[in-house]
Amino acid sequence: MKAAVIMGSMSDLGKVEPCIELLKSKGVEVKARCLSAHRASKQLTEFIEELNEDGTEVIITAAGMAAALPGVVAAQTVIPVIGVPLSGSVLDGQDALYSIVQMPPGIPVATVAINGSKNAAWLAMEIMAIKHPEMKEILLSERAAMQKAALKANEEMMEKF
């Protein structure tokens with residue numbers, strides 16, 4: 001199972017690192033890069049060409065402000081692209097969110113919440129689970145653990161009140 005994570009700036013690392021760590025903790029091979037759509041467009045294209053040939057199954061892109069990165073990546077591949085809008089401007093990520101969700105027909109980018117890199121990892125794993133039964137089992141186990149934790153919290157609430 002292979003995924004790529006591309007961020008537009010090293011200042012994004014703190015918001016993107018939880019995504020990379022989660023993927024790796026579940027056995028996903030991750031190629032991570034910092035390649036700006038505006039400042040390193042040639043190198044970004046070269047990396048996308050590499051991903052198109054190496055078996056990568058999902059690409060997670062994280063960008064703030066104009067957030068061109070997810071769309072630029074999606075325009076150059078048919079590998080599913082997940083966009084993570086990042087806060088960091090005076091608009092606190094809303095500009096990035098609108099940029100990522102407003103893709104033209106035929107060039108979709110799945111989008112998660114502002115600073116939602118962990119959910120991007122979960123969504124990427126769900127996409128991979130279609131092909132990899134072992135990932136499906138991991139996700140089902142995680143969901144069961146989440147349910148158990150939620151029910152425990154409910155019991156604690158009921159006991160308190």
Side-chain angles (χ1 to χ4, degrees), residues 1-132 135 138-139 142-143 145-146 149:
M1 296 174 288
K2 290 182 166 185
V5 177
I6 309 170
M7 58 185 186
S9 168
M10 278 304 287
S11 64
D12 302 333
L13 183 58
K15 296 171 186 161
V16 174
E17 203 163 13
C19 169
I20 296 167
E21 291 173 355
L22 179 57
L23 288 166
K24 286 185 170 188
S25 76
K26 303 302 179 200
V28 177
E29 180 183 330
V30 179
K31 286 186 176 180
R33 299 291 187 274
C34 178
L35 293 168
S36 166
H38 300 105
R39 297 181 197 104
S41 58
K42 180 182 176 199
Q43 293 80 4
L44 177 61
T45 295
E46 290 169 356
F47 184 55
I48 296 165
E49 289 170 0
E50 177 185 325
L51 299 176
N52 281 330
E53 301 299 324
D54 74 359
T56 295
E57 298 170 81
V58 182
I59 303 170
I60 297 171
T61 56
M65 300 171 70
L69 181 62
V72 168
V73 172
Q76 297 180 63
T77 188
V78 294
I79 297 169
V81 175
I82 302 170
V84 181
L86 300 177
S87 60
S89 70
V90 295
L91 297 177
D92 206 25
Q94 290 183 47
D95 45 352
L97 174 64
Y98 291 144
S99 176
I100 296 171
V101 298
Q102 294 295 333
M103 292 301 299
I107 313 294
V109 173
T111 310
V112 295
I114 296 169
N115 298 330
S117 74
K118 274 190 166 180
N119 259 1
W122 288 113
L123 180 56
M125 290 184 287
E126 287 180 353
I127 292 168
M128 287 183 261
I130 294 168
K131 181 177 164 184
H132 301 281
M135 180 55 75
I138 289 169
L139 294 175
E142 289 289 336
R143 290 281 177 100
M146 290 177 199

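For the numbers below, each heavy atom of this structure counts, side chains included, while hydrogens, waters and symmetry mates do not. Worth saying up front: this structure is predicted, and the values here are computed from it rather than measured. All residue numbers in this chain count up from 1 along the given sequence.
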pair K26-L139: side-chain heavy atoms closer than 4.5 Å: no

Qualifying salt bridge (Lys or Arg N to Asp or Glu O under 4.0 Å) pairs, either residue in residues 111-129, two or more places apart: E126-R143

For D95 against M65, the heavy-atom pair lying closest together: OD2-CA, 3.3 Å

Donor-acceptor under 3.5 Å (D12 side chain, G64 main chain): no

Donor-acceptor pair, side chain of T111 and main chain of G83, under 3.5 angstrom: no

Within residues 57-85 or reaching into it, pairs that qualify as side chain to side chain donor-acceptor pair (under 3.5 Å) - sequence neighbours excluded: T45-Q76, N52-T77, E57-H132

Pairwise side-chain contact, V84 with V16, heavy-atom cut-off 4.5 Å (strictly under): no

Sub-4.5 Å side-chain heavy-atom contact between I6 and I59: yes

Shortest non-hydrogen contact between A62 and L69, atoms and distance: O-CD2, 3.7 Å

Non-hydrogen side-chain atoms of S87 and K15 separated by less than 4.5 Å: yes

Minimal non-hydrogen separation, A40 against L35, with atom names: CB-CD2, 4.2 Å

Minimal non-hydrogen separation, I82 against A120, with atom names: CD1-O, 3.6 Å

Residue pair K31 / D54, side-chain heavy-atom distance below 4.5 Å: yes

